[in-house]
Amino acid sequence: MHKLLPIPNVLKDKKDTTLFIVGGGPSLTNFDWSLLKNKNVLVLNRGVEKVPNALGLLWNDVKFHKDNVENIKNFKGLKISTTRYIPPGGSHLCECDIIWVKGKNYWSDVCGFIEDSPYVVNQGSNTGYSALNVAYHLGAKTIYLLGYDMKLDKGKTNWHSGYPNQNPLAIKMLETFGDVFRGVKKQYEEKGIKIYNVNEDSNLTEFETKTLEEVLA
């Protein structure tokens, strides 16, 4: 098995411990990505296309790795994943300076626990949820969630293409994704971390909402 590596606490000694997490919700379809310039940003999956200079990239999907080998290879920030991808015809994992960590899932009515070990993240059931645990390991003290919609918009689940299941089944999937966040706010506040959802029209109601104007003021 490939050796696990710890997620570094890169924000520990920084003056700015704020982190923006870029999710996949359709509310980011016409987002002005230049607003994130010079910010600490953790991008999920194809967010790497819009914020190539982000602090970190997180993915939990082998298919994403398979379809984005070059994007991952060329990304200069931290590359964090719970999945192991072996290129076609190969016998070894794709290296690409990836920080391989162990992903855990908790299947219950609540979210489970924040994994304190930097070698482990609580995946919940989706990358957006596991990103919170990654942000904790990175040393973030204030987290702003972008694209955490947990609902369809004009039949779309994401701001980008690549997800063919834009159908009624996706609604149930998004509800499941949102369910695992219940109880998360209290857990992170006990760790000294504040989380805000930068989308007043989101179905994820666990966190206090802020407008983009408030956040960037």
Side-chain angles (χ1 to χ4, degrees), residues 4 6-12 14 16-25 27-28 36 39-48 51 54-61 64 77-83 99-151 158 173-199 202-210 215:
L4 297 177
I7 299 171
N9 191 334
V10 294
L11 299 178
K12 180 180 179 181
K14 300 285 187 181
D16 183 7
T17 56
T18 297
L19 183 71
F20 290 79
I21 301 180
V22 174
S27 63
L28 295 180
L36 297 180
K39 304 292 185 184
N40 296 319
V41 181
L42 175 64
V43 292
L44 313 184
N45 303 315
R46 287 187 60 183
V48 68
V51 194
L55 174 68
L57 163 64
L58 169 68
W59 72 96
N60 295 326
D61 185 352
F64 169 78
L78 299 172
K79 307 166 188 179
I80 305 166
S81 182
T82 61
T83 63
I99 297 172
W100 303 106
V101 294
K102 184 176 182 179
K104 286 188 176 180
N105 280 308
Y106 297 88
W107 299 104
S108 65
D109 292 334
V110 294
C111 53
F113 305 97
I114 299 172
E115 293 291 344
D116 283 311
S117 169
Y119 294 89
V120 186
V121 296
N122 179 357
Q123 288 179 278
S125 63
N126 60 88
T127 309
Y129 178 87
S130 58
L132 299 184
N133 207 156
V134 171
Y136 165 72
H137 292 319
L138 292 173
K141 292 301 180 182
T142 302
I143 300 172
Y144 293 120
L145 308 178
L146 302 173
Y148 277 62
D149 303 3
M150 304 304 168
K151 67 176 185 178
N158 294 79
M173 175 188 71
L174 292 172
E175 290 176 352
T176 301
F177 284 180
D179 285 345
V180 299
F181 285 87
R182 282 183 291 155
V184 167
K185 178 183 177 181
K186 180 180 179 181
Q187 288 195 33
Y188 279 85
E189 285 183 344
E190 289 174 349
K191 298 283 189 180
I193 301 170
K194 292 285 291 183
I195 303 174
Y196 300 95
N197 189 353
V198 191
N199 182 353
S202 170
N203 276 357
L204 179 61
T205 58
E206 175 71 11
F207 310 108
E208 178 184 343
T209 60
K210 284 185 177 291
V215 170

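All residue numbers in this chain count up from 1 along the given sequence. These figures come from a predicted structure and were not determined experimentally.
Lys194 is linked by a salt bridge (Lys or Arg N to Asp or Glu O under 4.0 Å) to Glu189, counting only residues two or more places apart in sequence or in another chain. Taking the salt bridge (Lys or Arg N to Asp or Glu O under 4.0 Å) definition, one finds that Lys191 meets it with Asp116, sequence neighbours left out.
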Between Tyr196 and Tyr144, is the ring pair (Phe, Tyr, Trp, His ring centres under 6.0 Å) condition met? List the steps.
CA-CA 5 Å; Tyr196 300 95; Tyr144 293 120; 5.6 Å; yes
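Once rounded to the nearest 0.5 Å, the distance linking CG of Leu42 with CG of Leu57 reads 8.0 Å. Going from atom CG of Leu138 over to atom CD1 of Ile21 covers 8.5 Å, rounded to the nearest 0.5 Å. Here the CG-CZ distance, from Leu204 to Arg182, works out to 11.5 Å after rounding to the nearest 0.5 Å. Taken to the nearest 0.5 Å, the CG atom of Leu44 stands 12.0 Å off from the CG atom of Asp61. Atoms CG and CD1, on Leu78 and Ile7 in that order, are 9.0 Å from each other to the nearest 0.5 Å. Put simply, CD on Glu206 and CD1 on Ile195 are 8.5 Å apart, with the number rounded to the nearest 0.5 Å.
Without hydrogens or angle criteria, Ser81 side chain to Trp59 main chain gives a donor-acceptor distance under 3.5 Å. Without hydrogens or angle criteria, His137 side chain to Glu115 main chain gives a donor-acceptor distance under 3.5 Å. No donor-acceptor pair closer than 3.5 Å links the side chain of Asn197 to the backbone N or O of Ser202. Between the side chain of Asn133 and the backbone N or O of Asn122, at least one donor-acceptor pair lies under 3.5 Å.
Under the 30°/60° scheme for interplanar angles, the aromatic rings of Tyr129 and Phe181 are found to stand perpendicular.
Between the side chains of Asn40 and Thr18, no donor-acceptor pair of N or O atoms lies under 3.5 Å. Inspection of the Asn199 and Asp149 side chains reveals an N or O donor paired with an N or O acceptor under 3.5 Å.
The only option from Asn45, Asn126, Thr82 that meets the side-chain hydrogen bond (donor to acceptor under 3.5 Å, both in side chains) definition with Asn60 turns out to be Thr82.
Between Leu4 and Val120, every side-chain heavy-atom pair lies at or beyond the 4.5 Å cut-off.
Closest non-hydrogen pair, Ala135 versus Leu19, comes out as CB-CD2, 3.5 Å. Closest non-hydrogen pair, Ser27 versus Gly147, comes out as OG-CA, 3.8 Å. Summarising the geometry of Val101 relative to Pro118, their closest heavy-atom pair is CG1-O, 3.9 Å, with the distance given to 0.1 Å.
With a 6.0 Å cutoff to the six-membered ring centre and a 45° limit on the axis angle, Lys39 does not count as a cation-pi contact of Phe20.
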